[in-house]
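Data block below; observations after.
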Amino acid sequence: MSKAIQAVRGMNDLLPETVERWQLVEATARDVLHAYGYREIRLPLLEKSELFARSIGSQTDIVEKEMYSFEDRNGDNLTLRPEGTAGCVRAGIENGFLHNQIQRLWYAGPMFRHERPQKGRYRQFHQIGVEAFGIDTPDLDAELILMCVRLWKSLGLEGLTLELNSLGTPESRATYRAKLTRFLKARRDQLDEDSLRRLEKNPMRILDSKNPAMQPVIAEAPNLHDHLDEDSRTHFDRLGEYLKESGVAYRINPRLVRGLDYYTRTVFEWTTDRLGAQSAVCAGGRFDGLVEQLGGRPAPAAGFAIGMERLVELLARQSPSPSSGAPEAYLVLLGESAGKHGLRLAECLRNAGLRIECHCGGGGLKAQLKRADRSRARFALMLGDEELQDNTVTVKDMRGKDVQVSVHQDVLIDFLNERTGRRVKT
RNA sequence: GUGAGCGUAGCUCAGUUGGUUAGAGUCCCGGAUUGUGAUUCCGGUUGUCGUGGGUUCGAGUCCCAUCGCUCACCCCA
């Protein structure tokens, strides 16, 4: 045996058992999003590297050290997308559908970040992203959150907490940031190593520190909310009213800081305490300046992204795995002539919409029934010399009590439809 | 990028103070009167003990390096 090749670190295979749960989440999400008038958009995995530097921010960790960037054969600097918003905005500007218009869009797919893998964090991970353009009022912010609530409910998800904050406008944020930096610099000696590093690059992150020793300093630090501009404050208050009106519980977290530079005003995060350190399952906010920043006519926008791996993991630990996709019946074929007849019979059943797994490779009845069992099929259909003589099939219920009946091939479809409850027989 | 823990059969793991040909369960294959699965019983296949070096008469076990995995920090969905 030659040496086996391993998958790239942090890039996982999703095996069939897992995929079934993913498909359930994807289908549910699609239905919910469509219920709000959001339309799917499909975007490239590769973009010019500059797009991310200009949107996410050149000083952010994502752009500075986590992107999969390379030069292609033309010498263009390209990057595997680390998130979806930038590409979506780029596509909107390029295709002209943001120009003075309202758009509600969603997409799903893999994102790539070169981080150290740990629970809930992988180098290839998947997001469902939602973006709405052209609306600057907080009713949109509320709609996005209500959409999340509906999705959690549809999936039967429990234990998620909504955290809310407002970052204000770029101007009010800059003022606050300067004030915070002055405050922290005066207390340099009380800051830990991480915070000293963040002091220059992203001082607001210090407020989010997990280090207990930092808490006294953080408690005294100036509050972002006291520095919000008038419009941002009204916007935030109105969002709160909408949510109360809709019965959505939330917690205001003035320390909630998003890591991407383009966020303005509303930011939110759905978190759980059941997934270890990577607790954010869904997060988003407003990015009113991004369209203009990327070269489009100014247009307000807001959106969020769901971390699929985290959501699926959360779902997995609270409900047993769904068993969709199992065939309705497994066709057991005994002998040469049954083999020939069997392929035709299987096609016939599939024409009627049934999922049929047909035995291949010969073998005795015992071995074939064993496979029938493992296929998760409800029924085993046995076809041998005896059945061929009188045009019947022996139908064995693999899941119920040991019931076995002989059914004429002419009425087999009706029989199976009725027994599997696929359709009510007329 | 930093730290900690762990690498023994396809999978889950055991393996005494270093001491013969390295074990269990599971999975897979076959059998228990010819065409009846899942349950039970019997039999069988499966290992460069992650990799490379060192210590030793002798290393799965001790030491060093390296690779990989996991979790946490950081970061974020």
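As the structure is a computational prediction, the values presented were derived from the model and not from experiment. Residue numbers start from 1 in every chain, and the chains themselves are labelled A, B, ... in the order their sequence lines are given, proteins ahead of strands.
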Side chain of A:R9 (C-beta onward), nearest among B:rG37, B:rC69, B:rC75: B:rC69

P spacing across the pair B:rU36 / B:rG30, given as an integer number of angstrom: 15 Å

Contact list for RNA chain B against residues 301-314 of chain A - heavy-atom distance below 4.0 Å: A:A305, A:G307, A:R310

Whole angstrom value for the distance that separates C1' of B:rG37 from CZ of A:F379: 15 Å

Can you tell me if A:R399 touches the phosphate of B:rA38, counting only side-chain N or O atoms and a distance under 4.0 Å to OP1 or OP2? no

Phosphate OP1/OP2 of B:rC29: any A:R371 side-chain N/O under 4.0 Å: yes

Starting at CG of A:L275 and ending at C1' of B:rA77, how long is that distance when rounded to a whole Å? 11 Å

Is A:Q118 near enough to B:rU70 that one of its side-chain N or O atoms lies under 4.0 angstrom from OP1 or OP2? no

Any donor-acceptor N or O pair under 3.5 Å, side chains A:T137, A:D139: yes

Across the strands shown, which category fits A:E386 at heavy-atom distances under 4.0 angstrom: base, sugar-phosphate, nothing? base

Nearest-angstrom distance from the residue atom CZ of A:R121 to C1' of B:rC71: 11 Å

Take N1-N3 plus N6-O4 or O6-N4 for Watson-Crick, N1-O2 plus O6-N3 for G-U, both under 3.5 Å. Which runs of 3 or more such pairs involve RNA chain B? B:1-7 with B:67-73, B:10-13 with B:23-26, B:28-32 with B:40-44, B:50-54 with B:62-66

Pick base, sugar-phosphate or nothing for A:N211, based on heavy-atom distances below 4.0 Å to the nucleic acid. nothing

Within the sub-3.5 Å range, which N or O atoms of nucleotides 2-4 of chain B have a protein N or O partner, and how far apart are they?
unit_1: B:rU2; atom_1: O4; unit_2: A:R116; atom_2: NH1; d: 2.4
unit_1: B:rG3; atom_1: O6; unit_2: A:R116; atom_2: NH2; d: 3.3

Under 4.0 Å between any heavy atoms, over every strand shown, what does A:G364 touch: base, sugar-phosphate, or nothing? Just pick one. nothing

Could you state the atom-to-atom distance from NZ of A:K119 to P of B:rC75 in whole Å? 21 Å

